[in-house]
Amino acid sequence: MSEEKIEVKETDMEDPQRDMVISVVREAQRLYNIDKDVAAFVKEELDKKFGATWHVICGKCFGSRVSYEMGHFILLKCNKVNVMIYKCGY
Amino acid sequence: MSNSNPSSSPDVSSQTSATQEEPKVKPRHLESRIMYTDYDTQWQKKITKWARVAVQMVFEKVVETENEFYQEVAASFKESLKSSSGDEKPKKWHVIVGNDFSVQADALKGTISFFAIGDVKFLIYTSPN
């Protein structure tokens, strides 16, 4: 089974964390079909691995203006679905 | 001998026309719907007004894609939220705008609002500093 292509559209993460985040997203895409389930899985995993609190937005069509910690933002595109992930708050 | 002239009255016709005023209906793309809010009525009205203004402003601009439209709306709307803080400690607002998105996040208690202006959905909340 071929892996879904994940494109990094924007990020300020360092490579190790970025790679870990991508692997979590890939796992979520493999396990779930519904965006809200993907978002829930990714958030839970990242809170465990990197500490609270992560925000995850999944969807085909949205824009945003958010506050986030430097070095903790990434915007991915996977099969027409955008996945925006960032850390903010305790 | 008497001379009498028959009296004649002019034929007077009148014409009246009535014009109907068109009902003042708000454009559908600017109608608001509140799905969920933690805010009181007064504050939610302000939020909705700022969102409507943001949508109107961006409609008048030339944007190439739908995502770009939502991005511009979010930026404009967030500026309104930030400017409303006044002397208060700046809040970390999170603004998501679109018609297809799901969110998993932690928000401060009492700061969530989810509403729509036409087909454009807005989710806003703040997080701890």
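Just so it is clear: chains get the letters A, B, ... in the order the sequence lines come, proteins before strands, and each one is counted from 1. Note that the structure is a prediction, hence the values are computed from the model and not measured.
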### Query
How far apart are the closest heavy atoms of B/Gln104 and A/Ala39, and which atoms are they?
CG-C, 3.5 Å

### Query
So which part of A/Lys43 gets closer than 4.5 Å to some heavy atom of chain B, the side chain, the backbone, both or neither?
side chain

### Query
How would you list, in number order, the residues of residues 62-70 of chain B that have a heavy atom less than 4.5 Å from chain A?
B/Glu66, B/Asn67, B/Tyr70

### Query
Under a single-linkage definition using a 4.5 Å side-chain heavy-atom cutoff for Ile, Leu, Val, Met, Phe, Trp and Tyr, are B/Tyr39 and B/Val53 assigned to the same hydrophobic cluster?
no

### Query
Same cluster or not: are A/Val24 and A/Leu31 linked, directly or through other Ile, Leu, Val, Met, Phe, Trp or Tyr residues, by side-chain heavy atoms under 4.5 angstrom apart?
yes

### Task
Group every Ile, Leu, Val, Met, Phe, Trp and Tyr by side-chain heavy-atom contacts under 4.5 Å, then state whether B/Val97 and B/Met57 land in the same group.
no

### Message
Atom CD of residue position B/Gln42 - does it have more than 12 heavy atoms of other residues, nucleotides or ligands inside 6.0 Å?
### Response
no

### Message
At a 4.5 Å cut-off on heavy atoms, which part of A/Asp37 comes close to chain B: side chain, backbone, both, or neither?
### Response
neither

### Query
According to the salt bridge (charged side-chain N to carboxylate O under 4.0 Å, His left out) rule, which pairs have a member within residues 14-24 of chain A, sequence neighbours left out?
A/Asp15-A/Arg18

### Message
Are there over 12 heavy-atom neighbours, none belonging to B/Asp40, within less than 6.0 Å of that residue's CG?
### Response
yes

### Message
Per the ring-ring contact (aromatic ring centres under 6.0 Å, His included) rule, what does the pair list look like for residues 16-48 of chain A, sequence neighbours excluded?
### Response
A/Tyr32-A/Phe41

### Message
Who clusters with A/Leu75? Use side-chain heavy atoms, under 4.5 angstrom, across I, L, V, M, F, W and Y, and order the result by chain and number.
### Response
A/Ile57, A/Phe62, A/Val66, A/Tyr68, A/Phe73, A/Met84, A/Tyr86, B/Met35, B/Tyr36, B/Ile96, B/Phe101, B/Val103, B/Ile112, B/Phe114, B/Leu123, B/Tyr125

### Query
Got a donor-acceptor contact below 3.5 angstrom from the B/Gln71 side chain to the A/Ser64 backbone?
yes

### Task
Output the option from B/Ala74, B/Gly98, B/Ser102, B/Ala75 having the highest count of non-hydrogen pairs under 4.5 Å with chain A.
B/Ser102

## Note on the structure
Rounded to the nearest 0.5 Å, the NZ atom of B/Lys82 sits from the OG atom of A/Ser67 at a distance of 7.5 Å

